[in-house]
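This report concerns only the one structure given below.
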Amino acid sequence: MSSATPDPALCASRLRTSVSQLARQLRSSSVAPDGPSVAKLSVLGRLHLHGPCSPTALAAFERVKLQSLTRLLAELDAEGWTARTPHPSDGRQWLLSLTPEGTRRLKALMRSREAALAEAIDATLDRRQRALLLEACALIDGIADTLGGGDKAAKP
């Protein structure tokens with residue numbers, strides 16, 4: 001094995017490929033015909049992690065035009081995932097948040113995904129490899145923070 005420092009471009013390519021493949025597998029295994037789409041899951045996850053958010057801020061975070069989100073947000077509201085409340089400082093806007101039922105349903109989906117992932121980790125990795133995986137997760141989190149600038153976008 002070579003002791004040369006790995007090329008950052010090679011690391012970037014390999015990381016992108018691995019993360020994309022894992023994300024694709026997680027999405028395909030958890031999206032049921034009657035469950036939320038990938039786009040809906042992205043919005044629901046954002047609301048779960050960061051709390052109430054204006055549609056404008058959600059569009060900025062999702063990197064789409066507000067008009068593109070309008071139908072999706074209406075569907076989430078009609079399906080009982082989300083609720084709208086008036087914006088506290090801008091009467092022209094409203095805030096979107098998860099309903100208690102939406103939170104319960106989203107947490108059930110997350111538990112299902114994590115259970116499948118835990119089974120795969122248990123079947124594939126030994127104790128040392130699991131420790132390395134946790135170290136890699138911390139490194140990936142640091143890279144994500146750097147790329148996202150601390151994830152300051154999409155606040156109410």
Please enumerate all residues that pass side-chain hydrogen bond (donor to acceptor under 3.5 Å, both in side chains) together with R111, with sequence neighbours excluded.
none

Can you name the closest pair of heavy atoms from Q129 and T124 and give their distance?
OE1-O, 3.8 Å

Rounded to the nearest 0.5 Å, what separates atom CG in L41 from atom CG in L106?
7.0 Å

Is there a side-chain contact between L73 and T82, using heavy atoms and a 4.5 Å cut-off?
no

To the nearest 0.5 Å, tell me how far I140 CD1 sits from E135 CD.
12.0 Å

Taking atom CG of L117 and atom CG of D122, what is their separation to the nearest 0.5 Å?
11.5 Å

Please report the closest heavy-atom contact between V43 and E62, naming both atoms and the distance.
N-OE2, 3.9 Å

ILVMFWY network linking L15 to L139, side-chain heavy atoms under 4.5 angstrom:
no

So, do R24 and S20 sit near enough that their side-chain heavy atoms are less than 4.5 Å apart?
yes

Drop me the distance from L98's CG to C53's SG, to the nearest 0.5 angstrom.
11.0 Å

With clusters defined by side-chain heavy atoms of hydrophobic residues (ILVMFWY) lying less than 4.5 Å apart, directly or transitively, does I143 cluster with V19?
yes

Looking only at heavy atoms, the pair that brings L125 and R130 closest together is O-NE, 3.4 Å

I need the K65 NZ to T70 OG1 distance, nearest 0.5 Å.
12.5 Å

Are F61 and L49 connected in a single hydrophobic cluster, I mean Ile/Leu/Val/Met/Phe/Trp/Tyr linked by side-chain heavy atoms less than 4.5 Å apart?
no

Which residues share a side-chain hydrogen bond (donor to acceptor under 3.5 Å, both in side chains) with S18, sequence neighbours left out
R14

Return the set of residues passing salt bridge (Lys or Arg N to Asp or Glu O under 4.0 Å) with R71 (not counting sequence neighbours), or none when no residue passes.
E75

Going by the rule side chain to side chain contact (heavy atoms under 4.5 Å, CB included), which residues pair with E114 if we only count those two or more places apart in sequence or in a different chain?
none

Shortest non-hydrogen contact from W94 to P55?
O-CD, 3.2 Å

Closest heavy-atom pair and its distance - L44, W81
CD1-CE3, 3.5 Å

Apply side-chain hydrogen bond (donor to acceptor under 3.5 Å, both in side chains) to D90 and list each qualifying residue two or more places apart in sequence or on a separate chain.
R92, Q93

So how far is it from L76 CG to S37 OG, rounded to the nearest 0.5 Å?
7.5 Å

Tell me if a side-chain donor or acceptor on T17 pairs with a main-chain N or O of S13 at a distance below 3.5 Å.
yes

Please enumerate all residues that pass salt bridge (Lys or Arg N to Asp or Glu O under 4.0 Å) together with R63, with sequence neighbours excluded.
none

Which atoms form the tightest heavy-atom contact between L47 and L96, and what is the distance?
CD2-O, 3.4 Å

